[in-house]
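Below: the structure, in structure tokens.
Quick caveat: nothing in here was measured; it's all calculated off a predicted structure. Note on naming: letters A, B, ... go to the chains in the order of the sequence lines (proteins, then strands), and numbering restarts at 1 for each one.
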There are 2 protein chains.
Amino acid sequence: MKPRRPRVPAAEMPDSCRAVTEILNRIGDKWSINVVRHLGVRKMRFSELRRALDGVSQKMLTTTLRTLERDGFVTRTVHPTIPPRVDYELTRLGYDLLAPVAALGQWAHDNRSRVEEARAAFDRRAGGPVRKAGRRV
Amino acid sequence: MKPRRPRVPAAEMPDSCRAVTEILNRIGDKWSINVVRHLGVRKMRFSELRRALDGVSQKMLTTTLRTLERDGFVTRTVHPTIPPRVDYELTRLGYDLLAPVAALGQWAHDNRSRVEEARAAFDRRAGGPVRKAGRRV
DNA sequence: CGGGATCCCGACGGATACTG
DNA sequence: CAGTATCCGTCGGGATCCCG
């Protein structure tokens, strides 16, 4: 259990800022996080992942997995059988990433209702949701 | 409310999955995380944030702050002075979110080089970075 | 100073068809 | 099964102008 720092010193922000922005641009897309989370449970093959993710297109799953592989988060193992079989598995780096990601996931799970309530309250006050914002699911 | 588990069983993934996807769609945009991180240091006014974030447009900062306000992560305080002054501050929920976010930020900062090395190694093997659908740039 | 209103573009990502 | 190759719509988000 890593002691999390309660406060970020202002002086360190700029540098830390870029790192966060970078990593977020990488894993902040629509599927990466959930792929990592699923592979965190066990190694899976392509079609398993596709079914598990529910809604991902084949193209995006391929792209997502390739990029995760490129960044060193997953390994791709091809079994030259018929029919072909490809396994995806988290690397050490992938498991390291899983820790903070799982924490965020746990937070999201635990605090979902608080966000929903705040949102509903705001909409009552303001008369409607904010235009132009996060992607819808 | 279920007790938290270190490992998420595969059976619970779908539910947890949606929560993560939702929260990530919300804060996974280009600026939200860094706004929260900056406000985690101290309360700031609009133009302070704008300067601190380096590169954010006025429109996106406004939109980001509105949505964060809507979701209950920040408060917006207008001082009816001349010139006007608007302060943004994290709510309790915002500080709660800051914890896992800061952990992720710390991870990003600490592991930046590992990702860069993996990426460089992959590009050497494959002959170039990934483009769409696994092609090379 | 802190926005709101518009215009616009490029990417992200879905649908579909084809292949080894 | 596990991809590749295309086409194409959506919208995130930057630029610009205006206003109280």
So does [X] get a side-chain nitrogen or oxygen closer than 4.0 Å to the phosphate oxygens (OP1/OP2) of [N]?
{"X": "S47(B)", "N": "dG2(C)", "result": "yes"}
{"X": "Y88(A)", "N": "dC1(D)", "result": "no"}
{"X": "R51(B)", "N": "dG2(C)", "result": "no"}
{"X": "R45(A)", "N": "dC1(D)", "result": "no"}

Nearest 0.5 Å, please: how far is [atom2] in [Y] from [atom1] in [X]?
{"X": "T75(B)", "Y": "L93(B)", "atom1": "OG1", "atom2": "CG", "result": "12.0 Å"}
{"X": "R92(A)", "Y": "L97(A)", "atom1": "CZ", "atom2": "CG", "result": "12.5 Å"}
{"X": "K59(B)", "Y": "T64(B)", "atom1": "NZ", "atom2": "OG1", "result": "10.5 Å"}
{"X": "K43(A)", "Y": "L49(A)", "atom1": "NZ", "atom2": "CG", "result": "12.5 Å"}

Return the value, rounded to whole Å, for the distance between atom [atom1] of [X] and atom [atom2] of [N].
{"X": "L65(B)", "N": "dC1(C)", "atom1": "CG", "atom2": "C1'", "answer": "14 Å"}
{"X": "L61(B)", "N": "dG12(D)", "atom1": "CG", "atom2": "P", "answer": "17 Å"}
{"X": "R85(B)", "N": "dG3(C)", "atom1": "CZ", "atom2": "C1'", "answer": "16 Å"}
{"X": "R66(B)", "N": "dG4(C)", "atom1": "CZ", "atom2": "C1'", "answer": "10 Å"}
{"X": "E48(B)", "N": "dG2(C)", "atom1": "CD", "atom2": "P", "answer": "9 Å"}
{"X": "N25(B)", "N": "dC11(D)", "atom1": "CG", "atom2": "P", "answer": "12 Å"}

Item to check | side-chain hydrogen bond (donor to acceptor under 3.5 Å, both in side chains) involving R76(B) - partner list, sequence neighbours excluded | outcome: Y88(B)
Checklist entry - With no hydrogens and no angle check, do the side chains of T21(B) and N34(A) hold a donor and an acceptor under 3.5 Å apart? => result yes
Next on the checklist: Tell me whether the count of non-hydrogen atoms from other residues, nucleotides or ligands lying under 6.0 Å of CG in D54(B) goes above 12.
Outcome noted: no
Item to check | Nearest-neighbour nucleotide for the R76(B) side chain, dG13(D), dG3(C), dA2(D) considered | outcome: dG3(C)
Item to check | Out of dG3(D), dG13(C), dG3(C), whichever nucleotide has its closest atom nearest the side chain of V86(B) | outcome: dG3(C)
Table of protein N/O atoms under 3.5 Å from nucleotides 14-20 of chain C N/O atoms:
residue, atom, partner, partner atom, Å
dG14(C), OP1, K30(A), NZ, 2.6
dG14(C), N7, K59(A), NZ, 3.4
dG14(C), O6, K59(A), NZ, 2.3
dT16(C), O4, Q58(A), NE2, 3.1

Item to check | Rounded to 10 degrees, the angle between the two terminal axes of the helix from dC1(C)-dG20(D) to dG20(C)-dC1(D), each from five pairs | outcome: 50°
Item to check | Short N-O contact, R45(A) and D87(A), less than 4.0 angstrom | outcome: no
Item to check | Y95(B) versus G40(B), closest heavy-atom pair with distance | outcome: CE2-O, 4.0 Å
